[in-house]
Each structure stands twice: as structure tokens, then as C-alpha cells.
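In what follows, a single structure is set out as C-alpha cells and then discussed.
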Amino acid sequence: MNLQPILLVEDNEDDAFFMQQAVRDADIVNPLVHVEDGQQAIDYLAGNGRFADRGMHPLPMVVFLDLKLPFKSGHQVLEWIRAQPQFEKLIVIVLTSSNEPVDLNRSYQLGANSFVVKPPTAEQLLELAEAFKLWWLRQNHVA
């Protein structure tokens, strides 16, 4: 069975490590692909450069998107995603350390499916991964 990956767009090495651990511990079988900045996220989704081989870099089913990223912000990435007709139904979950109302409102205005503030502990991150698995991978239906 060939499962679509989850794309993690995260520039903080520690946050990426703990998210990878939480996904593994929650028994999520979809591969987690990690890119470190907003431009890499766009390149991955567009199939540009080193991401051109869709066999090696398949389109994701979900994007976990940080907001504070180098080169292109998470909001710029989200705006780009929603401007691409082929990604109008791509699930984008903003996963950020910001709890600012302006970031929340802008994310939803740009088409985020969910806005989650990064949990402060590994245990809470595992709970988030388990909730993600239950809702987005088991219960949610996409067209």
C-alpha cells in the first residue's frame, strides 16, 4: 500500500524532531516529509528542482505549516497553496508557536483548515498527533 505523505514545514530542528517522534509514537503510518523553509515547501508542492520526481516526492495528503519560516512565511506559503487550483482541497494545518489573534485570523482568511498552537510538552504533542490521526486520517472524508 502506497500512502500519501504528510508534509511538515518547520525550520526549528527541535520542533521537527519532536513532531517526527510524536507521529511515530502515535503509530501514524503515513511517511512524514520534512522541509525547512517556505520556499522548500513551495518547491516540494510544485515539483520543482530536487523535488521533481513525484515517485520519490509524492504529493502530500496534509501539510503541517509553521508560520515563522525563512525565505517565505507560512502565510505566503498558504496563500500560494490556495492560489493553485490543484491544491484547493489540500488539508493545511497551521502548527505554530504564535497564539496571536492576527496570525489566527490571517491563517483562516487564507484558507487554513485548522490552526494549532504548538504544545509545550512532548506528551501534549503526542496527544495532538493522536487526535490528528483520529480526526484527519480516520474520521475526515475528503473529495
Side-chain angles (χ1 to χ4, degrees), residues 1-51 54-84 86-143:
M1 180 159 81
N2 205 1
L3 295 170
Q4 281 182 281
I6 297 165
L7 180 61
L8 174 63
V9 186
E10 174 60 66
D11 66 319
N12 183 297
E13 216 172 282
D14 290 336
D15 287 350
F17 172 80
F18 287 119
M19 187 62 174
Q20 290 165 337
Q21 177 100 23
V23 165
R24 185 173 49 251
D25 290 349
D27 295 321
I28 295 173
V29 295
N30 300 68
L32 186 70
V33 175
H34 174 226
V35 296
E36 298 174 348
D37 65 58
Q39 187 59 56
Q40 283 182 11
I42 290 171
D43 289 343
Y44 185 95
L45 292 167
N48 291 336
R50 66 184 176 122
F51 303 114
R54 281 293 175 219
M56 294 202 45
H57 305 285
L59 288 173
M61 65 171 301
V62 175
V63 176
F64 282 118
L65 181 62
D66 191 17
L67 293 180
K68 310 294 190 236
L69 297 167
F71 304 112
K72 300 260 186 205
S73 73
H75 285 137
Q76 289 173 308
V77 173
L78 183 54
E79 188 171 25
W80 179 88
I81 289 171
R82 293 304 183 224
Q84 313 306 307
Q86 70 270 30
F87 297 134
E88 84 176 339
K89 295 179 183 174
L90 178 62
I91 298 167
V92 179
I93 299 171
V94 172
L95 183 60
T96 181
S97 55
S98 171
N99 60 2
E100 294 294 321
V102 68
D103 287 333
L104 172 83
N105 291 330
R106 180 123 172 89
S107 296
Y108 280 121
Q109 287 170 347
L110 292 172
N113 297 93
S114 185
F115 185 97
V116 179
V117 176
K118 292 176 186 173
T121 68
E123 294 80 19
Q124 290 172 323
L125 190 58
L126 175 57
E127 289 174 11
L128 174 75
E130 289 170 340
F132 164 78
K133 178 181 178 182
L134 178 64
W135 177 251
W136 294 104
L137 299 180
R138 289 196 180 154
Q139 301 296 324
N140 189 55
H141 296 272
V142 294

Closest approach of [X] to [Y] (non-hydrogen atoms, all atoms of both residues):
X: Q4; Y: P60; value: NE2-O, 3.6 Å
X: P70; Y: E36; value: CD-O, 3.9 Å
X: S73; Y: Q76; value: N-OE1, 2.7 Å
X: L32; Y: Q20; value: CD2-CG, 3.4 Å
X: L67; Y: F115; value: CD1-CE1, 4.0 Å
X: A16; Y: L8; value: CA-CD2, 4.0 Å

For the pair [X] (side chain) and [Y] (backbone), establish whether a donor and an acceptor sit closer than 3.5 Å, ignoring hydrogens and angles.
X: H34; Y: E10; value: yes
X: N113; Y: I93; value: no
X: Y44; Y: Q39; value: no
X: K133; Y: A26; value: yes
X: H57; Y: R50; value: yes

Is there side-chain contact between [X] and [Y], with at least one heavy-atom pair below 4.5 Å?
X: Q86; Y: L59; value: no
X: D11; Y: D37; value: no
X: L45; Y: L90; value: yes
X: Q84; Y: W80; value: yes
X: V116; Y: F64; value: no
X: V35; Y: F51; value: yes
X: V9; Y: V77; value: no

Exercise for review: Give the intermediate values and the outcome of salt bridge (charged side-chain N to carboxylate O under 4.0 Å, His left out) for residues D103 and K68.
Suggested key: CA-CA 10 Å; D103 287 333; K68 310 294 190 236; 3.1 Å; yes
Exercise for review: Show your working on side chain to side chain contact (heavy atoms under 4.5 Å, CB included) between L110 and V92 and close with a plain yes or no.
Suggested key: CA-CA 10 Å; L110 292 172; V92 179; over 6 Å; no
**Study point:** Derivation and outcome, side chain to side chain contact (heavy atoms under 4.5 Å, CB included), residues V63 and F87
**Key:** CA-CA 11 Å; V63 176; F87 297 134; over 6 Å; no
If you round to the nearest 0.5 Å, how far is [atom2] of [Y] from [atom1] of [X]?
X: I42; Y: F71; atom1: CD1; atom2: CZ; value: 12.5 Å
X: S97; Y: D66; atom1: OG; atom2: CG; value: 6.0 Å
X: T121; Y: L128; atom1: OG1; atom2: CG; value: 10.5 Å
X: E100; Y: R106; atom1: CD; atom2: CZ; value: 15.0 Å
X: H75; Y: L65; atom1: NE2; atom2: CG; value: 8.5 Å

**Study point:** Set of ring-ring contact (aromatic ring centres under 6.0 Å, His included) partners for F18, sequence neighbours left out
**Key:**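 Counting only residues at least two positions away or on another chain, F18 forms no ring-ring contact (aromatic ring centres under 6.0 Å, His included).
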Review point. Taking everything shown except E13 itself, do over 12 heavy atoms lie less than 6.0 Å from its CD?
Key: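 Incorrect, the count does not exceed 12.
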Check your understanding: Would R24 and Q21 count as a side chain to side chain donor-acceptor pair (under 3.5 Å) if you check the C-alpha gap in whole Å, the side-chain angles of each, and the deciding distance to 0.1 Å?
Key -> CA-CA 5 Å; R24 185 173 49 251; Q21 177 100 23; 3.1 Å; yes
Point to revise | Residue from T96, N12, N99, D15 passing side-chain hydrogen bond (donor to acceptor under 3.5 Å, both in side chains) with K118 | key: D15
